[in-house]
Asks: 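First the structure, then my questions, so here it is.
Remember, it's a predicted structure, so these values are computed and weren't measured experimentally. Computation of the quantities below employed the complete heavy-atom set of this structure, encompassing side-chain atoms and omitting hydrogens, waters and symmetry-equivalent molecules.
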Amino acid sequence: MLKTEILDSIVDELFLAEKHGKAIPKLVDRYPELDVALAYEVQNRLIERKCRDEGTKIVGWKLGLTSKAKQEMMGVHEPTYGVLLENMQLKSDGSISLKTLIHPKIEPEIAFIFKEELKGPGVTVAEVLQKTAYIAPALEIIDSRYQNFSFTLADVIADNSSSSRFVLGERFTKYDGEDLSLIGMVFKKNGSIVSTSAGASVMGHPARAIAWMVNKLSRYDQSVKPGEVVLSGALTGAIEIKEGDVFSMSLDRYGSVEASFTFGKESK
């Protein structure tokens, strides 16, 4: 068991790594006692630190590592979740600066916006869908704070599941009961299709990933609040972002979202 002062030291290291854009070595190599439970404790403390020091607040949640292929690629055995903060949300108009990020990558996702609280344990896929107000296309920019984008499950959880930035489509569409596992998606880079997918690529159904997360949140007496957004998990593998890249994602019936990127002066 790690002492409180060590957990706080880890939080400080992760906070400063993101703030200054400087990658750090994996935590588990230095703190072998860091297991999944302690990693979520670090994540909770990190979010408290960010809300306090950056003057921001929680606006939602995100799933990570929801596909078996991604879990195998990263050498982990289960999904993760992280927190979305108000200062992570970006608008799609104009170029988005990634100047302070370490090794940013982008993923297309299905975003859920909720009309009622989701609180576990015992939350089902049916309850997730019943409490969903809107669906929207989304792009998530992930950025691990670890050297060489290399980490264990505990490492990535402590690092807020590689959360960094996200962009939502401007149009939110009321959810009407459609089978989201069958919703098709087209992901483009600089106008060319790089991948296609469907909602089923996220644990068979994106709402299943959210139910998993909500039931995990109940361990800390946390829940998804009305009005919060949840990014349900990547529909394809993450793609590295380079200077001048433009990415777009189209989601059947639910519109599209586009974002362009620069590594120059940060946009306001």
Asks: Would you say that more than 12 heavy atoms from the other residues, nucleotides or ligands in this model lie under 6.0 Å from the CZ of Phe15, or not?
Replies: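 Counting neighbours around CZ of Phe15, more than 12 heavy atoms of other residues, nucleotides or ligands fall under 6.0 Å, so yes.
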
Asks: Heavy-atom distance under 4.5 Å between the side chains of Glu258 and Ser92, does that happen here?
Replies: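 No, side chains not in contact.
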
Asks: Between Glu140 (side chain) and Glu107 (backbone), is there a donor-acceptor pair under 3.5 Å?
Replies: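 No: the side chain of Glu140 does not pair with the backbone of Glu107.
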
Asks: Hey, is the main chain of Ile102 close enough, under 3.5 Å, to the side chain of Asp143 for a donor-acceptor pair?
Replies: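 Here the side-chain-to-backbone pair exists.
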
Asks: Does Phe149 have Lys105 sitting over its ring (NZ/CZ under 6.0 Å from centre, angle to axis within 45°)?
Replies: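 Yes, a cation-pi geometry holds between Lys105 and Phe149.
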
Asks: Report yes if the side chains of Leu129 and Phe112 come closer than 4.5 Å at any heavy-atom pair, otherwise no.
Replies: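 A side-chain contact under 4.5 Å exists here.
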
Asks: Donor-acceptor pair, distance only, cut-off 3.5 Å: does the side chain of Thr132 make one with the backbone of Val128?
Replies: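 At least one qualifying donor-acceptor pair exists.
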
Asks: May I ask you to decide whether Glu18 forms a salt bridge with Lys50, counting only side-chain N to carboxylate O separations under 4.0 Å?
Replies: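 Salt bridge between Glu18 and Lys50, a charged N being under 4.0 Å from a carboxylate O: yes.
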
Asks: Report yes if some heavy atom in the side chain of Glu33 is under 4.5 Å from a heavy atom in the side chain of Ile6; otherwise report no.
Replies: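 The answer is no, as the side chains (C-beta and beyond) never meet within the 4.5 Å cut-off.
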
Asks: Without swapping roles, check the side chain of His205 against the backbone of Asp179 for a donor-acceptor pair under 3.5 Å.
Replies: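 No, the answer is negative, given that no donor and acceptor are paired below the 3.5 Å cut-off.
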
Asks: Where the side chain of Asp159 meets the backbone of Arg145, is there a donor-acceptor pair that is under 3.5 Å apart?
Replies: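 Yes, the answer is positive, given that a donor and an acceptor are paired below the 3.5 Å cut-off.
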
Asks: Hey, are the side chains of Tyr254 and Tyr175 touching, using non-hydrogen atoms and a 4.5 Å cut-off?
Replies: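 Touching, per the 4.5 Å side-chain cut-off.
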
Asks: Heavy atoms, side chains only, cut-off 4.5 Å: are Leu231 and Leu168 in contact?
Replies: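 Yes; the side chains approach each other to less than 4.5 Å.
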
Asks: In terms of side-chain geometry, is the basic nitrogen of Arg45 or Glu41 positioned less than 4.0 Å from the acidic oxygen of its partner?
Replies: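 Salt bridge between Arg45 and Glu41, a charged N being under 4.0 Å from a carboxylate O: yes.
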
Asks: Other residues, nucleotides and ligands only: do more than 12 of their heavy atoms fall within 6.0 Å of NZ on Lys115?
Replies: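 Count over threshold, so yes.
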
Asks: Any non-hydrogen side-chain atom of Tyr40 less than 4.5 Å from a side-chain atom of Arg219?
Replies: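 Contact flag for Tyr40/Arg219 side chains = yes.
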
Asks: Give the other cluster members for Val246, using side-chain heavy-atom distances under 4.5 Å between Ile, Leu, Val, Met, Phe, Trp and Tyr residues; answer none if it is isolated.
Replies: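 Answer for Val246: none, a lone residue.
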
Asks: Look only at the side chain of Arg253 and the backbone of Glu178, and say whether a donor-acceptor pair between them is shorter than 3.5 Å.
Replies: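 Such a contact is absent between Arg253 side chain and Glu178 backbone.
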
Asks: Is the backbone of Ser144 close enough, under 3.5 Å, to the side chain of His103 for a donor and an acceptor to pair up by distance?
Replies: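 Checked: pair present.
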
Asks: Check this for me: Asp176, atom CG, are more than 12 non-hydrogen atoms of other residues, nucleotides or ligands nearer than 6.0 Å?
Replies: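 Count over threshold, so yes.
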
Asks: Could you go through Asp12 and Arg49, starting from their C-alpha distance and side-chain angles, then the distance that decides it, and tell me whether this counts as salt bridge (Lys or Arg N to Asp or Glu O under 4.0 Å)?
Replies: CA-CA 9 Å; Asp12 190 59; Arg49 170 79 179 271; 3.1 Å; yes

Asks: Examine the side chains of Asp155 and Thr152 and answer whether a donor and an acceptor come within less than 3.5 Å of each other.
Replies: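 Side-chain D/A pair, Asp155 to Thr152: present.
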
Asks: When you measure from the side chain of Lys62 to the backbone of Ser161, do you find a donor-acceptor pair of N or O atoms at a distance under 3.5 Å?
Replies: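 Checking the backbone N and O of Ser161 against the side chain of Lys62, a donor-acceptor pair under 3.5 Å is found.
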
Asks: Keeping the roles fixed (side chain from Ser195, backbone from Phe187), state whether a donor-acceptor pair exists under 3.5 Å.
Replies: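 Looks like no, no N/O pair under 3.5 Å.
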
Asks: Using a cut-off of 6.0 Å, state whether more than 12 heavy atoms not belonging to Lys119 lie near its atom NZ.
Replies: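 Yes - once you tally the heavy atoms of other residues, nucleotides and ligands closer than 6.0 Å, there are more than 12.
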
Asks: May I ask you to test the Glu116-Gln130 pair for a side-chain heavy-atom distance under 4.5 Å?
Replies: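 Yes, at least one pair of side-chain atoms sits under 4.5 Å.
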
Asks: Can you tell me if Asn215 uses its side chain to pair, donor with acceptor, with the backbone of Ala211 under 3.5 Å?
Replies: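 Yes, the answer is positive, given that a donor and an acceptor are paired below the 3.5 Å cut-off.
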
Asks: Are the side chains of Ile210 and Val214 in touch, meaning some heavy atoms are under 4.5 Å apart?
Replies: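 Yes, at least one pair of side-chain atoms sits under 4.5 Å.
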
